[in-house]
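All values below come from the heavy atoms of this structure, side chains included, with hydrogens, waters and symmetry mates left out.
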Amino acid sequence: MVVAVLLALVATLAGCDRGSSGPSPAPDDTALRQVLDQHAAAVLHHDRAAFLAGIDPQAQRYRARQQQVFADLAQVPLAGWTYTVVRTGAFPLPPAADGVRQAAAEVRVGYRISGYDTRPVLSTAYLTFTRRAGRWYLAGDDDGASSGHRTDVQLWDQGPVRVVHGTRTLVLGLAPDKALREYAADADRAVPEVTRAWGGDWPRKVVVEAPATLDQMAALLNVSATAYQGIAAVTTGELGVGAAPADRVIVNPQAFGLLSTFGKQVVLTHETTHVATRQSTDGNTPLWLSEGTADWVAYRDSGRTAPEIAPELAADIQAGRVPDALPTAADFRAGSARLAQAYEGAWLACRLIADQWSPQTLTAFYRAVARGGTLDAHLRSTLGLSTAQFTARWQAYLRKELS
């Protein structure tokens, strides 16, 4: 039995050395880190020769794609670029040629934009390494896709990134230059409005990513295009949308392009509010509070009436259909039949606090909720109302404002 086990082990190791359909044996992580560190330095210093030197010369398809990515990154003002090996043997690899060792690694990629990011934006890559003539190379980033290990997509994976600098805004985009300049102008107008409402305890800068198509936006968010078809923009790092510590406002050019000038400004002010409130938003923050506050800031000085801003909910109220409760997380899901009413109801809940208490009470309440404790406890301590009492006050406010 012991002999049989030893023979099986030897056969397994020999098979892995030649390349197999299972995970390859992990090399010394130091060797992979050295390859990645050299690659990161090449990206950061725009050293094309060093960048290509780290890519397997036999991996022609991957090499060609990476040459294009390197060119597409040229205008992006990088302050940092790093790779961290999370684990090796991360996914099964196809058989390799005789004499070629392989490694499959999950790698955390981090980058920072100069003047904007204080911490890196993180993504995940599933990378293939090959060893030829005693040297490790990068050889692919899509071998794990068939087993569900897909490398995250970045804007520069989709085409040449153009850069527009605003006063307080940086726009990275694949869209036409005119559109990028318009995004920058709208975001520049949003920043002081958000600061006036929320306060100055945020960087007061915004990075906007502007893909050219809905499909490109969906790829950046790793979602289906249909899920975001009618959503004009989203903010990564926002509750439930990505996990990057540095926020990005990502525009859906299809939906955004259908908006009026007023609508475009509202959207970018709303998303900029999410950037400002990010550090005070966590799992304790209900979506009605985060989305409602963002809309309250965006519509605060619009001069529009409540029925103009909340037409769907106004129609319900006028038909006698008053919501039973504050909007839930399910109401805010893309495709929800009550999505419009959820946003409108959340806006009016936050507007109620700002109107009947004060704008400072609303922002203080928002910050307090993120510090822990129950929503009911915070409503009682800040507004002097239980959840049930606040809901009743909100329902009365809906009837008053929308009837």
Pair up each side-chain donor or acceptor in residues 41-48 with any protein partner under 3.5 Å, not counting sequence neighbours, and list the distances.
unit_1 : atom_1 : unit_2 : atom_2 : d
H45    : ND1    : A41    : O      : 2.9
D47    : OD1    : A49    : N      : 3.4
D47    : OD1    : A50    : N      : 3.1
R48    : NH2    : Q67    : OE1    : 2.7

Checklist entry - Does the side chain of D117 come within less than 4.5 Å of R248's, by heavy atoms? => result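 Of all side-chain heavy-atom pairs linking D117 with R248, at least one is under 4.5 Å.
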Checklist entry - Under the criterion side chain to side chain donor-acceptor pair (under 3.5 Å), which of E271, R278, H270 is the partner of H274? => result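 Going through the options one by one, the only one that passes is H270.
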Next on the checklist: Looking at every heavy atom in both T236 and D247, which two are closest together, and how far apart are they?
Outcome noted: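 Minimum heavy-atom contact is O-OD1, 2.6 Å.
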Next on the checklist: Would the distance check show the side chain of E308 and the main-chain N or O of R304 forming a donor-acceptor pair, the cut-off being under 3.5 Å?
Outcome noted: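 Absent.
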Checklist entry - Centres of the W156 and Y111 rings: under 6.0 Å? => result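 Aromatic pair counts; centres sit under 6.0 Å.
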Without placing hydrogens or testing angles, list every side-chain donor-acceptor pair under 3.5 Å for residues 309-327, not counting sequence neighbours.
unit_1 : atom_1 : unit_2 : atom_2 : d
D316   : OD1    : R321   : NE     : 3.3
D316   : OD1    : R321   : NH2    : 2.8
D316   : OD2    : R338   : NH1    : 2.8
D316   : OD2    : Q341   : NE2    : 3.3
Q318   : NE2    : L402   : O      : 2.8

Next on the checklist: Run the side chain to side chain donor-acceptor pair (under 3.5 Å) test on R132 and Q58 for me, step by step, so that the C-alpha distance in whole Å, both residues' side-chain angles and the decisive distance to 0.1 Å come before the verdict.
Outcome noted: CA-CA 10 Å; R132 299 180 187 277; Q58 300 299 314; 5.4 Å; no
Distance only, no hydrogens: is a donor on one side chain within 3.5 Å (strictly under) of an acceptor on the other, for [X] and [Y]?
| X | Y | answer |
| --- | --- | --- |
| S123 | Q154 | yes |
| W202 | T195 | yes |
| D143 | T128 | yes |

Item to check | Atom CZ of R87 with >12 non-hydrogen neighbours under 6.0 angstrom | outcome: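 Check passes, neighbour count above 12.
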Enumerate donor-acceptor pairs with a distance under 3.5 Å from any side-chain N or O in residues 75-83 to protein atoms, sequence neighbours excluded.
unit_1 : atom_1 : unit_2 : atom_2 : d
W81    : NE1    : Y83    : OH     : 3.0

